[in-house]
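Some notes on the structure that comes next.
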Amino acid sequence: MKLPSKFYKPLAIGAPEPMREPPVRLERMIHFMPPHIEKLRAKVPDLISKVDVVLGNLEDAIPADAKEAARAGFISMARDNEFGETGFWTRINSLNSPWVLDDIIEIVTKVGNKVDVIMLPMVDGAWDIHYLDQLLAQLEATSGVTRPIQIHAILETAEGVQNVEEIASASPRMHGISLGPADLAASRGMKTTRVGGGHPGYGVLQDDAGDKSARAFYQQDLWHYTVAKMVDACAANNIKAFYGPFGDFSDPEACESQFRNAFLQGCLGAWSLHPTQIDIAKQVFSPDAGEVRFALRILEAMPDGTGAVLIDGKMQDDATWKQAKVIVDLARLVAAKDPELATEYGL
Ligand code: GLV
Ligand code: MG
């Protein structure tokens, strides 16, 4: 384990100082786009105004013969656009792939000052983060990158889930972690063929000792355990947790419900793989106006955050004040970007 005094030292002479506090940014949806498709690259300026994060995907879903074109397309997207408050990320190929070294070297040396976050797939343990951390520092130093590029890990192997606390605390570069339900299902040997979401067979049968003929079946959330474990690891290390992809584009209700479970459990956003999922994520990961107004009443009723008061018959104390603060802080971030929601929130 690294000495605390060394944790915040740059890993290469000339690399930028590691961040001590994460940047405050709204990241309700990480929108995936395939950078090798010119028609979609042309739509990036429009996308920048619609989403919180634009991500150029280089890994899964990009055919092997288009990997180099995707990387080149990402670099030209970086050069051709100003992203302003919208995040600009890439998902590189996994560390054991034949493409990853060129992904990292070319992107950091050519457009490193434009990229906020690199998403790293198939992270098994802290050692994967340490490798990328060191390499990024060396490349940042030699190519004049002035702000550290953050790392976002995908939690998508059984080994990664086992090591999630060490991954979350592996480096000051850690931005957050996303659940990767498709690869994780394969890694665990789950018997599903989906990208996220529930399964009709996974649930509990009502325990009724009397009449066994009319027992209800309640479907359960396949991802509850992993999301909870990931949220705790992230929150304990001051980094962000995200739900990942939802693959059934024909079922927006199921997508919304999966995103909402993640939001209520502590996630700050999810991936949007299809344009229709942008609005779903925006709706789910922006706090509800009624909740925000109630949270504002709690903060007003307890200006110093201590004591106990009754609001509409419900007891409020220091702990509900802290919950209210989480909701109001997020609402302020949303309001700064969305004037319509600002009015609804009364901010
Ligand atoms: C995402 O990468 C997943 O495997 O679900
Ligand atoms: Mg995956």
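Whatever order the structure lists ligands and atoms in, that order sets their numbers, starting from 1.
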Heteroatom distance test (Ala182, ligand 1): nitrogen or oxygen, under 3.5 angstrom: yes
Could you tell me if His175 and Glu27 have a donor-acceptor pair between their side chains, going purely by distance under 3.5 Å? yes
Could you tell me whether Val195 and ligand 1 have an N or O pair separated by under 3.5 Å? no
Would you say the ring centers of Phe242 and His152 fall short of 6.0 Å from each other? yes
Any side-chain donor paired with an acceptor under 3.5 Å for Asp124 and Thr157? yes
Close-contact set for ligand 1 against Pro245 heavy atoms, below 4.0 Å: 1 (C), 5 (O)
Answer yes or no: is there an ion pair linking Arg41 with Asp80, defined by an N-O contact shorter than 4.0 Å? no
His31 ring center within less than 6.0 Å of Trp271 ring center: no
With a 4.0 Å heavy-atom cut-off (strictly under), which part of Arg91 contacts ligand 1: side chain, backbone, both or neither? side chain
Does any donor atom in the side chain of Asp52 or Thr86 lie under 3.5 Å from an acceptor atom in the other side chain? no
Without hydrogens or angle criteria, can the side chains of His199 and Thr192 be said to hold a donor-acceptor pair below 3.5 Å? no
So, regarding Trp271 and ligand 1 (criterion: nitrogen or oxygen to nitrogen or oxygen, under 3.5 Å), is there a contact or not? no
Return the name of the atom in Glu156, of element N, O or S, nearest to the Mg ion (ligand 2). OE1
Within the structure, is a non-hydrogen atom of Pro121 found at a distance of less than 4.0 Å from ligand 1? no
With a cut-off of 2.8 Å, does Asp183 place any N/O/S atom under that distance from the Mg ion (ligand 2)? yes
Within-shell test, Pro181 vs ligand 1, heavy atom, strictly < 4.0 Å: yes
Would you tell me whether Arg28 and Ser272 have side-chain atoms, one donor and one acceptor, within less than 3.5 Å of each other? no
Glu59 N/O/S atom closer than 2.8 Å to the Mg ion (ligand 2): no
Could you tell me, atom by atom, which parts of ligand 1 come under 4.0 Å of a heavy atom of Asp183? 3 (C), 4 (O), 5 (O)
Polar proximity ligand 1 side, Glu156 side, N/O cut 3.5 Å exclusive: yes
